[in-house]
Amino acid sequence: MLSAQTGLNKGIEYLSNINIVLAILLMLFLLFAGPTNFIMDLFVTTIGSYIQNLPSMSFRLSPFDNSTWVQDWTIFYWAWWIAWAPFVGTFIARISRGRTIREFLIGVLAVPTVFGGLWFAVFGGSGVYLDFFKDLPVMDVINNKGTEVALLYVLEQFPFGTFMSIVAICLIATFFITSADSATFVLGMQTTNGDLNPSGSIKLTWGLIQSLTAIILLWTGGLDALQTAAIIAALPFSIVLVLTVFSLMKAFKEEGALKREKKSV
């Protein structure tokens with residue numbers, strides 16, 4: 001709420017920049033302090049596997065077995081991101097005002113996708129390497145204590161492990177805060193008739209509502225309740241997203257026709 005109060009060009013921007021700098025530094029440290037060759041080999045291999053399997057896995061629903069993997073992981077994450085799409089999409093559009101479509105696609109799709117792939121290769125690859133080649137019980141830690149503890153366990157196996165663990169915890173916090181910032185800002189815009197700079201009181205109100213909602217859901221049902229709420233919220237938005245695609249194509253056509261008309265004049 002404090003960062004959202006200061007606006008886009010102050011608290012939100014500063015916090016986002018600090019967040020991404022810390023993330024890059026932590027990733028680079030683990031990349032070079034850890035099994036660098038293994039991580040880069042894994043990165044290249046998994047990028048190829050992703051491209052190869054993306055079409056088939058996008059339509060996979062496992063009709064011939066009783067596996068719940070698709071429901072527990074793939075469909076849940078689709079729903080999770082669809083639930084966030086109205087907030088994140090509108091926020092990105094707001095901060096990208098003045099950019100071209102090409103710049104938007106590179107900055108929002110291409111760069112984050114490559115960075116995300118490298119991020120998972122570095123952290124996931126380090127854990128896999130320790131478990132497979134150093135015989136450290138990383139999987140046992142995941143199964144018995146959870147993936148959160150496993151992250152700290154993996155970092156402790158490298159130099160400055162305690163310091164890196166503190167940085168990782170700070171990163172987790174700032175990632176949550178910047179995500180909530182975007183939701184708070186967009187909700188403020190949507191409830192003030194599209195005001196690009198909603199007032200502080202509006203943002204404070206939505207920040208309190210989000211905080212209280214999260215607290216109640218976590219208190220009453222734990223993370224499962226929060227995940228269920230996200231999936232339920234994603235259903236109507238999935239229809240809206242399909243309509244948005246057609247709306248965007250229509251807007252592109254109208255803008256193209258307008259530009260051609262201006263050139264002819």
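- Residues Phe185 and Asp181 have side chains not in contact (no heavy-atom distance under 4.5 Å, counting atoms from C-beta outward).
- Residues Trp119 and Met40 share a single hydrophobic cluster, defined by chaining ILVMFWY side chains whose heavy atoms lie under 4.5 Å apart.
- Take Thr191 and apply the side chain to side chain contact (heavy atoms under 4.5 Å, CB included) test, not counting sequence neighbours, and it matches Ile202, Trp206.
- Counting only heavy atoms from C-beta outward, the side chains of Leu30 and Met164 never approach each other to under 4.5 Å.
- Clustering of Ile, Leu, Val, Met, Phe, Trp and Tyr side chains at separations under 4.5 Å places Leu42 together with Phe38, Val128, Tyr129, Phe132, Phe133.
- Both Leu25 and Phe163 are assigned to one and the same hydrophobic cluster, defined by single-linkage of ILVMFWY side chains at heavy-atom distances under 4.5 Å.
- Applying the side chain to side chain contact (heavy atoms under 4.5 Å, CB included) criterion to Asn19, with sequence neighbours excluded, gives Leu171, Thr174, Phe175, Thr178.
- Annotation for Pro159 and Ala33: closest pair CD-CB, 4.4 Å, computed over non-hydrogen atoms.
- Considering only heavy atoms from C-beta on, Phe43 stays 4.5 Å or farther from Phe120 through its side chain.
- The structure places CG of Leu15 at 11.5 Å from CD1 of Ile20, a figure rounded to the nearest 0.5 Å.
- Contact check for Val154 versus Val138: side-chain heavy atoms found under the 4.5 Å cut-off.
- Residue Leu28 is grouped with residue Leu22 when hydrophobic side chains (ILVMFWY) are merged at heavy-atom distances under 4.5 angstrom, including chains of intermediate members.
- Transitive grouping of hydrophobic side chains (ILVMFWY, heavy atoms separated by less than 4.5 Å) brings Ile101 and Leu109 into a common cluster.
- Under the 4.5 Å side-chain criterion, counting only non-hydrogen atoms from C-beta, Phe115 is in contact with Met27.
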| field | Leu26/Phe123 under side-chain contact (heavy atoms from CB on, under 4.5 Å): CA gap, chis, key distance, verdict | value | CA-CA 10 Å; Leu26 181 63; Phe123 286 88; 3.8 Å; yes
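- From Ser165, atom OG reaches atom CG of Leu155 across 4.5 Å, with rounding to the nearest 0.5 Å.
- Here the straight-line distance linking atom OG1 of Thr192 with atom NZ of Lys203 works out to 10.0 Å at 0.5 Å rounding.
- Side-chain atoms of Glu103 come within 3.5 Å of backbone N or O of Thr100 as a donor-acceptor pair.
- Residues that satisfy the ring-ring contact (aromatic ring centres under 6.0 Å, His included) test with Phe176, not counting sequence neighbours, are absent from this structure.
- Here the shortest heavy-atom pairing between Arg60 and Val70 reads O-CG1, 3.6 Å.
- Linking ILVMFWY side-chain heavy atoms closer than 4.5 Å, directly or via other members, places Phe158 and Phe32 in a single hydrophobic cluster.
- Closest of all the heavy-atom pairs between Ala150 and Ile142 is CB-CG1, 3.4 Å.
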| request: Give the C-alpha distance, both sets of side-chain angles, the deciding distance and a yes or no for side-chain contact (heavy atoms from CB on, under 4.5 Å) between Ile39 and Ser126. | output: CA-CA 7 Å; Ile39 289 172; Ser126 298; 3.6 Å; yes
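- Taking 4.5 Å as the limit, every side-chain heavy atom of Pro137 sits out of range of all side-chain heavy atoms of Asp131.
- Atom OG1 of residue Thr244 and atom CD1 of residue Ile239 lie 11.5 Å apart, to the nearest 0.5 angstrom.
- Inter-residue side-chain proximity for Met189 and Asp195 is flagged as unmet; no heavy-atom pair is nearer than 4.5 Å.
- Heavy-atom contacts from other residues, nucleotides or ligands closer than 6.0 Å to CZ of Phe160 number 12 or fewer.
- Without hydrogens or angle criteria, Ser247 side chain to Leu243 main chain gives no donor-acceptor distance under 3.5 Å.
- We find the OG1-CG distance between Thr113 and Leu118 to be 12.5 Å, quoted to the nearest 0.5 Å.
- A salt bridge (charged side-chain N to carboxylate O under 4.0 Å, His left out) check over residues 242-260, counting only residues at least two apart or in different chains, returns the pairs Glu255-Lys259.
- Sorted by first and then second residue, the side chain to side chain donor-acceptor pair (under 3.5 Å) pairs with a member in residues 132-153 form an empty list; sequence neighbours excluded.
- Side-chain atoms of Thr162 and Glu156 form no donor-acceptor pair, as typed in the model, at a separation below 3.5 Å.
- In this structure, Leu31 CG and Ile24 CD1 are separated by 12.5 Å, a value rounded to the nearest 0.5 Å.
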